[in-house]
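Encoded as structure tokens, the structure appears first; notes follow it.
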Amino acid sequence: MNLRKLAAATVLALGGTMLAAAPAYAANIAVNPGFESGLSGWTCSAASGATAVSSPVHGGTGALQATPAGTDTARCQQTVSVKPSSSYTLSAWVRGGYVFLGATGTGGSADPSTWASSPSAYTQVSTSFTTGASTTSVTIYVNGWYGQGAYQADDIVLDGPAGQGQPPAAPTGLTATVSGTSVALKWTASSGATGYHVYRNGTKVAGPTGTAYTDSPGAGTHAYQVTAHNSTGESARSGQVSATVGGQPSGDLPKRVLVGYLHASFANGSGYIRMADVPNEWNVINLAFGEPTSVTSGDIRFRQCPVAECPDVESEADFIAAIRAKQAAGKKVLISIGGQNGQVQLTTTAARDKFVQSVSAIIDKYGLDGLDIDFEGHSLYLNPGDTDLADPTTPVIVNLISALKSLKAKYGAKFVLTMAPETFFVQLGYQFYGPGPNGAADQRSASYLPVIHAMRDDLTLLHVQDYNSGPIMGLDDQYHYISTHDFHVAMTDMLLAGFPIMGNVNNVFPALRQDQVAIGLPASNNAGNGHTPVSEVHKAFDCLAKGANCGPYKPRGVYPNLRGLMAWSVNWDKHNSFEFSRSHRAYLDGLG
């Protein structure tokens with residue numbers, strides 16, 4: 001193809017039409033026109049690598065991206081029911097070296113097509129046609145060109161009368177208003193719809209006939225989408241909105257907290273600290289660690305540090321008395337399960353039940369306030385095909401969720417539940433989730449996400465370890481590196497804004513409440529790879545909580561109720577002259 005001649009001919013043919021104001025559309029009868037529902041409704045060539053991306057987009061939360069390869073121009077298309085002898089306008093916003101838009105099977109003297117070259121920004125292309133006297137369907141398409149790189153397309157509109165047998169278009173204008181424990185949803189009607197389906201966190205919860213619905217989902221942050229349906233079928237899902245229903249965090253903690261791990265069962269080169277001597281700056285003290293008798297037993301045991309390793313260890317009676325004193329002073333003391341060496345795989349229901357029994361025994365013996373889950377290594381993973389965040393099927397995930405719910409039910413509203421996963425098990429989910437569609441990824445990738453999601457209404461604190469991590473991609477689609485201000489901002493923003501898992505807008509990890517999130521840090525250079533200077537931590541917190549002192553990464557919102565900081569560990573903090581606890585306690589108290 002002679003693209004130069006085509007360009008000249010196109011300019012002459014189109015004149016100024018591409019610069020004209022966009023017309024008002026009577027009805028967009030294309031399905032999933034903005035790719036907010038992934039590639040639903042579209043068929044793409046096998047070699048195109050077509051996917052829905054969250055950036056760059058023209059509008060909404062998604063756009064199509066595909067890449068020509070060899071003789072494959074990366075075409076994506078859909079067949080749409082139309083009326084005979086009727087006029088239609090086809091338009092799209094496109095971005096790339098050469099991007100083509102057109103329709104086939106129109107029944108006219110020539111099928112329409114148009115194209116644009118706009119590598120760095122979206123531009124609108126438009127064409128029109130009249131269907132033949134017997135035409136009842138047309139195929140609309142978009143594609144790139146040979147030897148060119150990836151292209152993007154968004155907001156594809158086929159404007160004209162719908163034919164017979166056409167599902168309605170996806171609803172638009174979805175909004176959510178929270179009032180007490182209720183969420184009021186409203187949306188714009190879809191032409192031809194006989195009813196709607198409401199989805200909460202990916203699960204259908206209602207089927208109203210009108211364009212409003214009031215939900216009572218319980219405390220927490222919930223993601224909503226709506227579809228339209230008629231006798232022919234169901235539309236693609238609308239854009240997503242999130243709503244946070246009130247509910248105070250469990251555990252009766254202050255507004256700003258410091259969480260510290262105490263080496264209660266080992267010294268680890270940092271020196272032993274008696275429970276009675278833990279500084280007052282710490283609000284939550286996690287006893288490290290309870291460990292299993294074997295990887296799959298579910299039988300968790302805890303013992304104080306042996307005298308041979310910790311000559312200053314107190315007696316069990318003094319240890320318990322000191323816990324009581326801390327609790328009387330408003331502190332919470334938890335048993336932390338796992339750690340670097342404590343692999344826990346609840347592969348069976350018997351292991352699940354043993355986990356509940358043995359953890360309960362530890363909590364009861366020492367009179368603890370709750371439980372911290374610090375599963376690392378190979379404790380959690382996702383089996384092939386386990387892709388639904390809200391409905392996991394892998395036994396180690398399902399059994400852990402069941403065990404945590406049982407413990408929460410047993411101990412009630414004041415039970416403190418915290419988690420300390422690594423970034424590999426959480427934020428990596430923006431790119432990878434389990435083994436992935438081709439089975440090539442690490443099956444542990446983002447495997448904490450279904451556990452966090454299932455327990456979000458019972459979760460007191462999530463403090464992801466922002467250390468000992470490789471580069472992680474943030475919501476800006478850039479990689480971020482430990483020890484930097486931006487790493488903490490980007491990783492925390494993902495938890496508080498939510499993110500599509502593997503870029504799939506139909507499988508979203510919804511935002512957590514601000515009061516559920518703290519930033520996990522090493523207390524000193526000795527404590528872990530990724531120590532961040534105090535001043536940089538404060539800048540990161542300022543950026544997130546105040547919208548001030550931000551660096552290159554700009555968070556999606558301002559989070560004034562961000563809860564606080566976690567440190568590994570209380571012992572390493574003492575080894576470093578209490579820099580972490582004293583500096584950060586003063587900073588957090590100053591925030592109010």
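Side chains included, hydrogens not; waters and symmetry mates left out as well; all remaining heavy atoms used.
Looking at S569 and H263, their side chains do bring a donor and an acceptor atom within 3.5 Å of each other. Between the side chains of Q65 and Q152, at least one donor N or O lies within less than 3.5 Å of an accepting N or O. A side-chain N or O of Y224 and one of D215 form a donor-acceptor pair less than 3.5 Å apart. Between the side chains of Q478 and D486, not a single donor N or O lies within less than 3.5 Å of an accepting N or O. One side chain, T532 or H488, offers a donor N or O that lies under 3.5 Å from an acceptor on the other. If you check the side chains of Q225 and E36, you find no donor sitting under 3.5 Å from an acceptor. Side chain to side chain, K574 and S270 fail the donor-acceptor criterion of an N or O pair below 3.5 Å.
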Applying side-chain hydrogen bond (donor to acceptor under 3.5 Å, both in side chains) to Y430 and D477, what does each step give before you reach the verdict? CA-CA 9 Å; Y430 186 53; D477 290 335; 2.7 Å; yes

List the steps and the verdict of ring pair (Phe, Tyr, Trp, His ring centres under 6.0 Å) for W187 and Y213. CA-CA 9 Å; W187 57 91; Y213 174 72; 7.9 Å; no

Residues D369, K414; criterion salt bridge (charged side-chain N to carboxylate O under 4.0 Å, His left out); working and verdict: CA-CA 8 Å; D369 297 288; K414 292 188 176 181; over 6 Å; no

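Contact check for F578 versus P279: side-chain heavy atoms found under the 4.5 Å cut-off. Proximity of Y559 to D493: side-chain heavy atoms (C-beta onward) are separated by under 4.5 Å at one or more points. At a threshold of 4.5 Å between non-hydrogen side-chain atoms, the residues R513 and T244 count as touching. Using a 4.5 Å heavy-atom cutoff, the side chains of L262 and N286 are not in contact. Counting only heavy atoms from C-beta outward, the side chains of L565 and V259 never approach each other to under 4.5 Å. Side-chain contact check for L371 versus L334: every heavy-atom pair is 4.5 Å or farther apart. The side-chain heavy atoms of K408 and L417, taken from C-beta on, include no pair separated by under 4.5 Å. In this structure, the side chains of H463 and M419 stay at 4.5 Å or more apart for every pair of heavy atoms.
With hydrogens and angles disregarded, a donor-acceptor distance shorter than 3.5 Å links the side chain of Y122 to the backbone of P56. A donor-acceptor pair under 3.5 Å is absent between the side-chain atoms of R563 and the main chain of R256, judged by distance alone. With hydrogens and angles disregarded, no donor-acceptor distance shorter than 3.5 Å links the side chain of T394 to the backbone of L382.
Using the six-membered ring where Trp is involved, Y448 and F425 have ring planes that are perpendicular, over 60° apart on the 30 and 60° scheme. The aromatic rings of F415 and Y411 lie parallel to each other, their planes meeting at an angle below 30°, with 60° marking the opposite boundary.
Atom-to-atom distance recorded for S445:OG and M502:CE is 9.0 Å, nearest 0.5 angstrom. In this structure, the separation between NZ on K539 and CG on N549 is 6.5 Å, given to the nearest 0.5 Å. The structure places CE of M494 at 10.0 Å from OG1 of T423, a figure rounded to the nearest 0.5 Å. The CG atom of D372 sits 9.5 Å away from atom CG of L461, with the distance rounded to the nearest 0.5 Å. For the atom pair OG (S238) and CG (N32), the distance works out to 11.0 Å, reported to the nearest 0.5 Å. The distance from atom CG of D589 to atom NZ of K255, rounded to the nearest 0.5 Å, is 12.0 Å.
Shortest non-hydrogen contact noted between Y261 and N571 is O-OD1, 3.9 Å. For the pair V344 and I300, the tightest heavy-atom approach, listed with the atom from each and the gap, is CG2-CD1, 4.2 Å. Counting all heavy atoms, side chain and backbone alike, G470 lies closest to F487 at O-CE1, 4.3 Å. Considering all non-hydrogen atoms of both residues, D573 and F580 come closest at OD1-N, 2.9 Å. In terms of heavy atoms, A420 sits closest to M566 at CB-CE, 4.3 Å. Counting all heavy atoms, side chain and backbone alike, E234 lies closest to H197 at OE2-ND1, 3.1 Å.
Ring pair F541/Y587: centre-to-centre distance below 6.0 Å. Taking the centre of each ring, Y553 and H480 come in below the 6.0 Å mark. A ring-centre distance under 6.0 Å is not found for W568 and Y467.
Geometrically, R237 engages Y199 in a cation-pi contact, judged by NZ or CZ lying under 6.0 Å from the ring centre and within 45° of the ring axis. Remark: R444 fails to qualify as a cation-pi partner of F432 under the 6.0 Å distance and 45° angle criteria applied to the six-membered ring.
Each of V333, I337, I362 was scored for a side chain to side chain contact (heavy atoms under 4.5 Å, CB included) with L287, with one residue passing: V333.
Partners of Q443 according to the side chain to side chain contact (heavy atoms under 4.5 Å, CB included) rule, which considers only residues two or more places apart in sequence or in another chain, are Y381, N383, P435.
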Run the side-chain donor-acceptor check on residues 397-406: report pairs under 3.5 Å with partners two or more places apart or on a different chain.
from : atom 1 : to   : atom 2 : distance (Å)
N399 : ND2    : L346 : O      : 2.8
N399 : ND2    : T348 : O      : 3.4
N399 : ND2    : P395 : O      : 3.2
K405 : NZ     : A454 : O      : 3.3
S406 : OG     : S402 : O      : 3.0

